[in-house]
Structures are given as structure tokens and as C-alpha cells.
Protein chains: 2
Amino acid sequence: MPKDTFYNLKPEKKKAIEAAFLEEFSQKTFEDASISQVVKSLGIAKGSIYQYFENKLDLYLHLKSECEKTKLAYIMGLNRKDFPDFWKYFRKMYEVGVLFYLENPQASKFLTAIGKNTHSPTIKSYIHDWRNQAHQMFEEMIRGEVKAGNFRKDVAIKTMSFFLVSASTSIGEYMEVIYDMDFNKELEKGQKDFAKQKKILLQSVDDYILLLQKAFEK
Amino acid sequence: MPKDTFYNLKPEKKKAIEAAFLEEFSQKTFEDASISQVVKSLGIAKGSIYQYFENKLDLYLHLKSECEKTKLAYIMGLNRKDFPDFWKYFRKMYEVGVLFYLENPQASKFLTAIGKNTHSPTIKSYIHDWRNQAHQMFEEMIRGEVKAGNFRKDVAIKTMSFFLVSASTSIGEYMEVIYDMDFNKELEKGQKDFAKQKKILLQSVDDYILLLQKAFEK
DNA sequence: CCTAAAAGTGACCGCATAGTCATTTTTTGA
DNA sequence: TCAAAAAATGACTATGCGGTCACTTTTAGG
């Protein structure tokens, strides 16, 4: 847990520090991310960081939980029961996910980057836990749909869950590719249309759903 | 390129060095992998490594190309034309892939681990190239199947290719999970049946194909 | 205004890395 | 047998890291 000193910081400075480290941890492994370099770019002393946090991991986990909290606020309130079928629900998840991405690109990229620490001795256990949770969640969802007669039942639920988790991850990567392509295109034209971006990103999701739906239906 | 000194080494020593570094690079990032630690475990001097290779990257790329060469020997000879449909061809690719895995676990794991260096400043360009090649290959294959009327044509080829690449990666990860589970189960019983392992791994592929087939068919 | 607490600092420590190179050891073949 | 070539060595360099701490500066409030 961060120390009181950190929470006593002026909001702008707190934000600046968080932003700088989000950036660093989005682009490097936990081990390769360098506190020394970030404080240099921030123009503060390295010692200060250790007035705010216990150590590097404490800092990392603080960012992680902050970003997760932010994202959760977007996801919260979504309930399978409120949708006529699983894919409408699935799509809505991505709709709020895209909103989160467009409104908090740094946080979103950081959360994605966490998953790239598969080999980090410090971080891998957190990833492992997260993956297990995701698989369990998806398994339960799929089991529900199978029981309700909405999904095929000739393929093991574990397999379908693995398939769906990977497809979900892939959607995220695909969206980033599409976003970069389109972002550069818009840059040339010297504009940046938020609503249009959202539409383009969600088109990727819709296309993926077209494929997934067929794969999972009876 | 490795220096002559390396190729002049006695085969056993050469193999031992390669094996030790395959192991290290399978478990750590390129940057985090430690030559110092590997040479210690090998019982040779660090200077020797620099008699064999220009530098760390040279060593890494040597292992990469060696493993790729080994795997290529398994894949080579497979031709879409020799199969009645795409999924029979796809399955055969995994059949030889599984064989490669069972016969060269270190090489196979190393090749998989390359992909985890997305954030490595030294390695990421190689991954990027590899990904682009994979996507291009898959795109061409899919285009062929669409033109032949075997695949649906209402989803962009780029999307289908992204979907298929991710599913393929996922199969690999799924197989490792399944393999570990089953390997441990067999260990308890104190046996290790190669043919049975192969069958179990390929069952994962078959299940994935059941899903993919539906997703892609007209 | 002045003092005590809080915040900020950066030189420094211990450690680990990739890579070098003068020196020693081993191998080779005439 | 012996000298020249090849290979092996490990102390050493330069660099970078996370983390510490004695010290300085800023802030707060009686």
C-alpha cells in the first residue's frame, strides 16, 4: 500500500507521477521498467518515490488496482439477465470497454501490458491468478448458456472457455491495430472524431461476434 | 553468426551449451536471461561464450534459426492440395507440430517463448516481422478458401485471419495446459505413454477445429 | 515569527549485468 | 618433441538497477 505521503500529494503531482509510471509499465516488463529513468523525466528525486511507496511492486500494484477500479466502474451494472442473448451482453461488455479505452488510454494500455509479464518472477503469479479467474468466469457463463440450450454441448466447456478467452484477448489486439491504422489516417486529415473511432472499433467486435456466434451455436 | 570456434566444438559440448541457453531463454525475457548464470551452471567461463558468439543477440538468433530449421523439417512437405479440405490440412499441421513438441520439447518451448518478448527493445522487431508473416500467410490461405467457396465471405479476410492466428496460438497454450495436467497424472501412475500423449494433445486440436469450422463455413 | 513536523533530495551502497582482453592451457601437426 | 595456433579463462570495465539515509527545504499552526 502507498504511504500517506502519496495521498497527501497535490492532485496534479499525484496524477503526473501515476501517468509517468503507467507509461513506463505499459512499454516495459516489470523488471525492465526503470524507476531511475522515470523520476529523471519527472524531474523529481528517486528518494521521493520511496517516500510514497514501499517499493517497486507496491507502486505497480497501486497502479494496477487504480486502473482496475476505474475499469470496473465501466463494467459494473452489466448483467447477463438484462440482455436477450449472450452475444448482445458480450457486445455491450466491449462497448463499455471501448469507452474505457478511449477515455483512459493510458490505464487501458497498462492493464493490457500486465499480461505481457508472463515471465516476470515478480508479476507472473498475479497474471496466473487473473487468468484463472477469467477462465472460471467464462466457464460459468458458458455452462449457463449450454444448460439453457443456447450453446452447443458437443465440445467440452473448458475448451470453449479457452477458445473464448483467447478470442477476447485477440479482439483487444485487433482493435489496437485497427485503431492505430485509423488514428494515423485521421492524423493525416488533421482531425480526430471520437464517435467515429468508437464505431470503427466496435465494428471489429461485431465481426468477431459473427464468427464466435456460429462457433458456439447448437 | 556464430564464430568458427563454436562449430569446432565437440558435438556434446555444443549440444550442452545450446540446451542450457534454450532453457534460459524459454523461461526469461531476452533482457532478463543471464549469460553469467548459464555459464555458471554449465561450468565454463563467460569469456568462452564470446569465443563462440559475437554477443547475446547472435547467440539468441542462432538458437532461433536452429529451432526453426528443426521445425521446418517437420512442416515441410505439407501441401494444401494434398488434403480434401482446409481443416484436414490444418489438423495435419498440428499433428506434425505435436510430434515436433514431443520430440523436441526444449526447442518447441523456446520458439513459443520468443513471442513473449513483445516488450523487448532488442527482440520485438523480430516478433513483429514473424507476426506479419503469419498474418500474411493466413490471409492468403483464407482468401483461397473464400474464392473456392469453402469459407464464408461476409466477414473481412483480415478479421478472419486475425481470428485464426489467435486461435492457433491459443491451441498451443491449451495443449500445454492439457499436457501438464496429463503429464502430472501419468507421473503419479509412474508411466509415460508417448502415443497416448499425442492422442490427448490432438484431441484439443480436434475440439478447436469443431469450433473454427463452424465459425468459418458458409 | 518561529519551531516542529512533513516532504524532498541525491550521493551512496550492494549487486548484477554484457562484454573485453591479457594471460594460461590445450590441441595440432610437422 | 616442440612450437605455433586455437581455445579457455576469469579478473576487470562500464553501466545500470532498486533501495537507503543523513541531510536540506518546505509547510503548518500556535
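Quick caveat: nothing in here was measured; it's all calculated off a predicted structure. Any value given below was found using the heavy atoms of this structure, including those in side chains, with hydrogens, waters and symmetry copies removed. Quick note on labels: first sequence line is chain A, next is B, and so on, each numbered from 1.
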Distances under 3.5 Å between nitrogen or oxygen atoms of protein and nucleotides 9-14 of chain C:
{"unit_1": "C:dT9", "atom_1": "OP2", "unit_2": "A:Ala45", "atom_2": "N", "d": "3.3"}
{"unit_1": "C:dT9", "atom_1": "OP2", "unit_2": "A:Ser48", "atom_2": "OG", "d": "3.0"}

Check nucleotides 28-30 of chain C against the protein and report each pair of N or O atoms closer than 3.5 Å, with its distance, or say if there are none.
none

Measure all distances between protein nitrogen or oxygen atoms and nitrogen or oxygen atoms of nucleotides 25-27 of chain C, and list the pairs falling under 3.5 Å.
none

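A heavy atom closer than 4.0 Å to some atom of DNA chain D occurs in A:Ala33, A:Ser34, A:Ile35, these being the qualifying members of residues 15-35 of chain A.
By the 6.0 Å contact criterion, NZ on B:Lys3 is enclosed, its count of non-hydrogen atoms from other residues, nucleotides or ligands being greater than 12.
For the salt bridge (charged side-chain N to carboxylate O under 4.0 Å, His left out) test, residues two or more places apart in sequence or in another chain that qualify with A:Glu139 are A:Arg143. Legend: residues meeting side chain to side chain donor-acceptor pair (under 3.5 Å) with A:Gln27, ordered by chain and number and at least two apart, are A:Glu23. Listed by chain and residue number, A:Lys64 satisfy the salt bridge (charged side-chain N to carboxylate O under 4.0 Å, His left out) test with A:Glu68 (two or more places apart in sequence, or in another chain). Shown here are the side chain to side chain donor-acceptor pair (under 3.5 Å) partners of A:Lys10, two or more places apart in sequence or in another chain: there are none. A search for side chain to side chain donor-acceptor pair (under 3.5 Å) contacts involving B:Glu103 returns B:Tyr74, not counting sequence neighbours. In terms of the salt bridge (charged side-chain N to carboxylate O under 4.0 Å, His left out) criterion, B:Glu18 has no residue partners (sequence neighbours excluded). Take A:Asp32 and apply the side chain to side chain donor-acceptor pair (under 3.5 Å) test, not counting sequence neighbours, and it matches no residue.
One finds no side-chain N or O of A:Asn8 lying less than 4.0 angstrom from the OP1 or OP2 phosphate oxygen of C:dA6.
We find that B:Arg80 and B:Glu140 are not joined by a salt bridge, their nearest charged nitrogen and carboxylate oxygen being 4.0 Å or further apart.
To the nearest 0.5 Å, atom CD1 of residue B:Ile35 and atom CD of residue B:Glu24 are 9.5 Å apart.
At a cut-off of 3.5 Å, with distance as the only test, no side-chain donor of B:Gln136 or B:Asn132 sits close to an acceptor on the other residue. For the residue pair A:Tyr208 / A:Ser170, a side-chain donor-acceptor distance below 3.5 Å is found, with atom types taken as modelled.
Here B:Glu54 lies out of heavy-atom contact (under 4.0 Å) with every strand.
A:Tyr52 has its ring centre no less than 6.0 Å from the ring centre of A:His62. Between A:Tyr101 and A:Tyr179, a ring centre-to-centre spacing shorter than 6.0 Å is recorded.
Interface limits on DNA chain D: the 5'-most and 3'-most nucleotides within less than 4.0 Å of chain B heavy atoms are D:dA7 to D:dG10.
Note: OH (A:Tyr50) to P (C:dA7) measures 19 Å, nearest angstrom.
Checking side-chain atoms of B:Asp58 against main-chain N and O of B:Met1 turns up a donor-acceptor pair under 3.5 Å.
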